Amino acid sequence: MADTINVVLHLRDGLERYGLERMLQGLDVVRDQRSADDLETAVEGAARAAPTVLIVSHRDLDETARPVLHDAASRGVRALVLVPGGDVPRAGRLAGLACGGFLSTGDLGRTELRHALTRVADGEVPIPAPLARSLLGPSDPAPPRMTPREHEVLPLLARGLSNKQIARRLSISQHGAKRLVANILAKLDSPNRTVAVTRMLSLGLCDHPG
């Protein structure tokens, strides 16, 4: 884990932003924090220093945010999306977001915020249980059959490793790693890695990454 983390906030709700700023001020893992009213500006600020976590609210995300978050992810910026404590309305719209994880605001405190920030910065994908259930749907399918090689990839995928990192760990080509990840996403019927990690954990295909 990095010693300290830079944090950029994009929260249109002034009260919510103020509360997060106060909590961040008391965290030893936060090196620097700043706020931006515009999402693209927030991403630009986050991309200038690493490791940086971008905190956004699910209420502020619409279809125009998807390509911005995708660009952020490609530049090494991991977004932490704040969601309410209960089930998230239209949770399916969150499934396709390129983000590093989700954090429930239901009982949010400094301890929960610190834990989420360090996990996201380490490449893990925290997902609150209510949101995971919403993303998974009313019933879970039987676990799909994975090849031995795919089973080796599962814990690495759960830890948030990139295709290049997976290839290095398994001593295979990056193309081979990309193909294995694509096969896993297809078998789990997942549109992206975030949903895939949720489903593999729910199905017991690998241990929780932390």
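Quick caveat: nothing in here was measured; it's all calculated off a predicted structure. Because only heavy atoms are used, hydrogens play no part in the values below, and waters and symmetry mates are left out as well, while side chains stay in.
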Heavy-atom pair with the smallest gap, counting every atom of [X] and [Y]:
X	Y	answer
M200	A158	SD-CB, 4.1 Å
V43	A72	CG1-CB, 3.7 Å
A65	L39	CB-CD2, 3.7 Å
S74	D71	OG-O, 2.6 Å
H10	A42	CB-CB, 4.0 Å

Does [X] have more than 12 heavy atoms from other residues, nucleotides or ligands lying within 6.0 Å of its [atom1]?
X	atom1	result
K178	NZ	no
D37	CG	no
Q33	CD	yes

Full working for side chain to side chain contact (heavy atoms under 4.5 Å, CB included) between V81 and L103: CA-CA 6 Å; V81 180; L103 175 62; over 6 Å; no
Got [X] and [Y] here, is their nearest side-chain heavy-atom distance under 4.5 Å?
X	Y	answer
V30	L117	yes
L11	S35	no
L20	L82	yes
T105	V83	no

Mind listing the side-chain donor-acceptor pairs of residues 161-175 below 3.5 Å, one per line with the distance, residues two or more places apart or on another chain?
residue, atom, partner, partner atom, Å
S162, OG, Q165, N, 3.2
S162, OG, Q165, OE1, 3.3
N163, OD1, R193, NH2, 2.4
Q165, OE1, S162, N, 2.8
S173, OG, G176, N, 2.9

Qualifying residue, where the test is side-chain contact (heavy atoms from CB on, under 4.5 Å) with V8 and the options are T41, L54, I55, V53: L54
Pick one: which of I5, V7, N6 meets side-chain contact (heavy atoms from CB on, under 4.5 Å) with T52? N6
Summary of salt bridge (Lys or Arg N to Asp or Glu O under 4.0 Å) pairs that have at least one residue in residues 16-30, sequence neighbours excluded: E16-R59, D28-R114
Has the side chain of S190 got a donor or acceptor atom that lies under 3.5 Å from a matching backbone atom of L188? yes
Would you check, one step at a time, whether the test side chain to side chain contact (heavy atoms under 4.5 Å, CB included) holds for H151 with I184? CA-CA 9 Å; H151 272 293; I184 291 171; over 6 Å; no
How would you list, by chain and number, every residue that makes a salt bridge (charged side-chain N to carboxylate O under 4.0 Å, His left out) with [X], sequence neighbours excluded?
X	value
R34	D32
E152	R149
D60	none
E112	none

Check ion pair E44-R75 (N to O, under 4.0 angstrom): yes
In this structure, CG of L27 is separated from OG1 of T118 (nearest 0.5 Å) by 9.5 Å
Distance check, rounded to the nearest 0.5 Å: R179 atom CZ versus N183 atom CG? 7.5 Å
Taking it one step at a time, do L157 and L185 satisfy side chain to side chain contact (heavy atoms under 4.5 Å, CB included)? CA-CA 10 Å; L157 190 62; L185 264 62; 4.3 Å; yes
